[in-house]
Amino acid sequence: MRFSKLFGKTLREAPADAETVSHKLLTRAGFIQQVAAGIFSYLPLGWRSLDKIRRIVREEMDRAGGQEVNMPVVQPREIWEQSGRADSFIPPLAQFLDRRERPMVLAPTHEEVVTGMAKAGMFSYRDLPFILYQIQTKFRDEPRPRGGLLRVREFEMKDAYSFDADEEGMNLSYQAMADGYRRIFSRCGLNVIMVEADSGPIGGRDSAEFVLPAKSGDDVALVCEECGYAANAEKAVFRKTPNPPERQAALEKFSTPGIETIQDLAAFEGVPRSRTAKAVFYYSSGQVTLITIRGDYEVNETKLRNALGVEEVRLATPEEVRGTGLPAGSASAVGQQSVRSVVDDSIELGSNFLAGANEEGFHLRNVNFPRDFKADVLADVAEAGDGYPCFRCDGSLRARRGIEVGHVFKLGDVYSDKLGAGFLDDAGNHRSALMGCYGIGIGRLLAAAVEANHDDRGMVLPRAIAPYEVYLAGINIEDDGVRTKADELYHSLRDSGLEVLYDDRDEPPGVKFNDADLLGLPLRAVVSRRSLKSGGVEIKRRGAQSVEVVSVDCSVEAARQALETS
RNA sequence: CGGGGCGUGGCGCAGCGGUAGCGCACCUGCUUUGGGAGCAGGGGGUCGUGGGUUCGAUUCCCGCCGCCCCGACCA
């Protein structure tokens with residue numbers, strides 16, 4: 001491709017509303033263009049990169065046994081009603097009426113349709129297992145798109161779905177996909193970590209995220225560097241440290257004027273927060289729940305959701321708290337029967353806690369569980385944090401920010417059951433297929449690759465996903481001798497199968513060098529009066545300090561070699 | 001959805017009661033050519049939008065819309 005013919009311009013300055021590195025660089029380099037919040041167009045360079053990523057994904061999905069299909073973005077709302085997600089999907093489905101006033105949705109994911117597709121090809125256990133995948137547009141009306149391509153509303157996703165006859169098969173499919181994912185990310189130049197995750201609104205059992213550590217990410221993973229345990233913040237478990245053992249003492253009410261928070265209470269008594277039992281009010285499906293957790297821990301809403309077996313929880317409003325009749329600043333589960341009580345298991349790791357007396361301005365000493373209050377649910381609902389002890393070994397957890405580039409789920413039969421995707425087993429019994437689903441955001445992967453591979457001059461793209469492999473710059477291109485040599489080299493590089501962006505513009509050297517750095521193609525070749533005088537063509541890898549001069553005749557081979565080792 | 005910020009040529013910004021200017025980019029010519037060149041000439045903006053105040057609004061006031069950031073939420 002001749003740069004002089006390439007559509008799109010590089011920008012010296014990034015748009016003021018671009019904040020993250022990848023957003024700035026991809027915009028400046030002319031890869032993408034914003035249309036609305038979280039909605040982007042891809043320009044020729046960006047589309048080529050995206051296509052490289054797609055190709056890698058396809059190869060690995062095929063290798064893992066997947067078969068590519070394509071499913072519609074516009075779907076009848078009806079099938080979402082069947083799966084029970086029409087009203088519960090978060091963010092809410094984008095919907096419209098077609099000309100016959102039939103309700104339609106823009107698909108945010110494709111479990112419903114793929115399950116229907118699978119039904120038509122699955123009658124006997126002999127038809128299983130199989131894996132279907134597609135690379136298709138999704139629309140999710142996110143409340144807050146951010147960071148350019150990092151979180152968008154419309155995006156291309158590779159989504160794969162496995163169908164197996166039994167648990168063992170499902171686990172094998174899941175494993176094959178996870179292995180494929182590792183290969184995909186490594187081929188794209190990303191050093192990702194696989195972390196245990198909560199399955200969220202997709203539903204199902206096990207799930208894992210692939211996270212690229214990056215400061216611009218919005219995902220938090222907790223990683224133990226000793227034993228390798230890794231889980232995201234929603235899921236991570238940790239070892240709770242017990243309080244020193246003590247004999248249980250008798251309840252004792254005392255006056256605490258003006259004390260409403262755990263910090264103040266602990267300070268008032270001169271004890272650490274771990275000696276207090278904190279009461280937190282949550283609201284879920286029509287009722288207020290009182291969570292009791294040790295004062296040094298925080299409630300993790302995902303864990304709470306799972307403990308309660310509900311889809312949504314939120315902090316209760318002051319009015320809702322008042323409705324329970326308990327004083328917010330000095331509440332506890334002690335003596336309460338009417339409010340649902342969830343107790344975090346940290347409460348079992350101590351005795352004689354300080355807690356509210358359920359009377360304005362008073363607290364209790366020596367509160368003990370289960371002597372003084374009951375638990376409707378006793379579970380781990382505490383959020384892990386940086387530095388917390390690993391529950392598996394003696395190490396401690398480190399919190400790392402990152403970008404979630406992929407997610408794999410074992411779904412089991414949650415969709416196949418509701419949508420009737422079953423088969424007859426070898427004994428003639430009807431059984432639901434066991435499913436897995438696996439997603440990779442293609443555009444997000446590009447953004448992540450830029451976040452992970454850049455310097456202060458621009459992108460430093462891995463060869464596998466760079467839009468072109470060689471940036472051939474003709475300096476002093478107005479010189480006929482230079483132009484002739486540069487043209488020749490352009491053709492011979494292309495003839496040898498390399499993808500070349502040939503900067504044949506009539507621009508000063510600085511512009512070309514800067515654009516070369518900005519676009520971040522893996523190799524730069526320069527033909528100029530100076531290079532010809534010193535022997536031929538300058539070859540420089542992006543990111544390398546040194547320049548190599550090779551003869552024009554050897555330059556194609558030199559370029560190939562330099563690319564091999566980059 | 002809560003908090004904050006910003007909307008002026010393609011991009012970055014200034015102007016802030018008398019209907020617009022700078023840098024980059026763009027066009028023409030000449031010069032220049034190893035890290036975003038110089039000179040000269042030129043094209044392009046109903047100042048997000050609706051209303052109000054005023055003789056007069058890009059400028060002041062109110063509403064709305066859009067975009068960005070933090071949080072909530074989420075692949």
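Taking the charged nitrogens against the carboxylate oxygens, A:Glu320 and A:Arg314 do have a contact shorter than 4.0 Å, which makes a salt bridge. Ion pairing between a basic and an acidic side chain is recognised when a charged N comes within 4.0 Å of a carboxylate O; A:Arg77 and A:Asp87 show such pairing. Ion pairing between a basic and an acidic side chain is recognised when a charged N comes within 4.0 Å of a carboxylate O; A:Lys278 and A:Glu298 show such pairing. Comment: A:Arg54 engages A:Asp51 in a salt bridge, judged by a side-chain N to carboxylate O separation of less than 4.0 angstrom. A salt bridge links A:Asp455 to A:Arg542: one of the charged nitrogens lies within less than 4.0 Å of a carboxylate oxygen.
Contacts of A:Arg457 with the nucleic acid, taken as non-hydrogen atoms under 4.0 Å apart, include base atoms. Across all strands shown, A:Val313 has no heavy atoms under 4.0 Å from either base or sugar-phosphate atoms. Residue A:Asp515 is in base contact, counting any heavy-atom pair closer than 4.0 Å across all strands shown. Across all strands, A:Pro145 comes closer than 4.0 Å only to sugar-phosphate atoms, never to a base (heavy-atom distances). Within 4.0 Å (heavy atoms only), A:Asp218 reaches at least one base atom of the nucleic acid. Heavy atoms of A:Thr27 sit nowhere under 4.0 angstrom from any nucleic acid atom. Counting non-hydrogen atoms under 4.0 angstrom, A:Gly8 reaches nothing in the nucleic acid. Nucleic acid contact class of A:Arg483 (heavy atoms, under 4.0 Å, all strands): none. Base contact: A:Glu142 has a heavy atom under 4.0 Å from a base atom. Within 4.0 Å of A:Ala36, counting heavy atoms only, lie sugar-phosphate atoms of the nucleic acid but no base atom.
You'll find that the side chain of A:Arg524 is closest to B:G35, out of B:A72, B:G35, B:G36. Closest to the A:Asp517 side chain, of the nucleotides B:G36, B:G35, B:A72, is B:G35.
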Open item on the list: Show, in sequence, the C-alpha distance, side-chain angles and deciding distance for A:Phe139 and A:Val73, and conclude whether the side-chain contact (heavy atoms from CB on, under 4.5 Å) test is met.
Closed with: CA-CA 8 Å; A:Phe139 185 81; A:Val73 175; 5.5 Å; no

Task: Chi angles and distances behind the side-chain contact (heavy atoms from CB on, under 4.5 Å) call for A:Tyr297, A:Val381 - done: CA-CA 9 Å; A:Tyr297 295 129; A:Val381 294; over 6 Å; no

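The nearest heavy atom of RNA chain B to A:Phe40 and to A:Glu478 marks one nucleotide each, and the one closer to the 5' end goes with A:Glu478. Mapping A:Gln34 and A:Glu301 onto RNA chain B by nearest heavy atom places A:Gln34 closer to the 5' end of the strand.
Side-chain N/O atoms of A:Arg12 include none lying less than 4.0 angstrom from OP1 or OP2 on B:G23. Close to B:U33, at under 4.0 Å from its OP1 or OP2, lies no side-chain N or O of A:Arg529. An OP1 or OP2 oxygen of B:G10 is reached within less than 4.0 angstrom by no side-chain nitrogen or oxygen of A:Gln33.
Between the P atom of B:A75 and the CZ atom of A:Arg444 lies a distance of 10 Å, rounded to the nearest Å. A:Ile477 places its CD1 atom 18 Å from the P atom of B:U32, with the value rounded to the nearest Å. Distance CD (A:Glu19) to C1' (B:C6): 12 Å, rounded to an integer number of Å. Put simply, CZ on A:Arg153 is 17 Å from P on B:A75, counting in whole angstrom units. As a whole-Å value, the separation of A:Ile475 CD1 from B:G36 C1' is 12 Å. Summarising the geometry, the separation between NZ on A:Lys9 and C1' on B:C24 is reported as 12 Å, rounded to the nearest angstrom. Here B:A75 presents its P atom at 14 Å from NZ of A:Lys138, a figure rounded to the nearest Å. A:Leu315 places its CG atom 17 Å from the P atom of B:G2, with the value rounded to the nearest Å.
Nucleotides B:C26 and B:G66, compared at atom P, are 34 Å apart to the nearest Å. When the C1' atom is used for both B:C1 and B:A57, the distance is 35 Å, rounded to whole Å. Rounded to whole Å, the P atom of B:A40 lies 26 Å from the corresponding atom of B:G10. One P atom belongs to B:G38, the other to B:C24, and the distance between them is 7 Å to the nearest Å. Annotation: B:G2 and B:A25 have their P atoms spaced 43 Å apart (nearest Å). Comparing the C1' positions of B:G41 and B:G36 gives an interatomic distance of 23 Å, to the nearest angstrom. Straight-line distance between the C1' atoms of B:G15 and B:A37: roughly 30 Å, to the nearest whole Å. Rounded to the nearest Å, the gap between the C1' atom of B:G9 and that of B:A14 is 14 Å.
Note: A:Phe210 and A:Phe185 have tilted aromatic rings, judged against thresholds of 30 and 60 degrees for the angle between ring planes.
Residues of residues 503-514 of chain A that place a heavy atom closer than 4.0 Å to RNA chain B, in numerical order, are A:Asp506, A:Glu507, A:Pro508, A:Pro509, A:Gly510, A:Val511, A:Phe513, A:Asn514.
In this structure, the side chains of A:Val556 and A:Leu489 come closer than 4.5 Å at one or more pairs of heavy atoms. Counting heavy atoms from C-beta outward, A:Met459 and A:Leu26 have side chains that approach closer than 4.5 Å. Contact check for A:Asn514 versus A:Arg457: side-chain heavy atoms found under the 4.5 Å cut-off. Put simply, the side chain of A:Val549 does not reach to within 4.5 Å of the side chain of A:Ser531, judged on heavy atoms.
With A:Val114 as the partner, the side chain to side chain contact (heavy atoms under 4.5 Å, CB included) test is satisfied by one option alone out of A:Leu132, A:Asp159, A:Leu419: A:Leu132. Shown are A:Arg305, A:Glu301, A:Gln287; of these, the side chain to side chain donor-acceptor pair (under 3.5 Å) with A:Tyr282 is made only by A:Glu301. A side chain to side chain contact (heavy atoms under 4.5 Å, CB included) with A:Leu445 is found for exactly one of A:Ile53, A:Leu149, A:Ile56, namely A:Ile53.
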TODO: Could you summarise the pairing of RNA chain B as dot-bracket text, marking Watson-Crick and G-U pairs under 3.5 Å with ( ) or [ ] inside the strand and | across strands?
DONE: ((((((((.[[[[.)..(..]]]].((((((.....)))))).....[[[[[..)....]]]]])))))))....

Dump every N/O contact between nucleotides 11-13 of chain B and the protein below 3.5 Å, one line per pair.
| residue | atom | partner | partner atom | Å |
| --- | --- | --- | --- | --- |
| B:C11 | O2' | A:Glu13 | O | 3.4 |
| B:G12 | OP1 | A:Ala16 | N | 2.6 |
| B:G12 | O2' | A:Glu13 | OE2 | 3.0 |

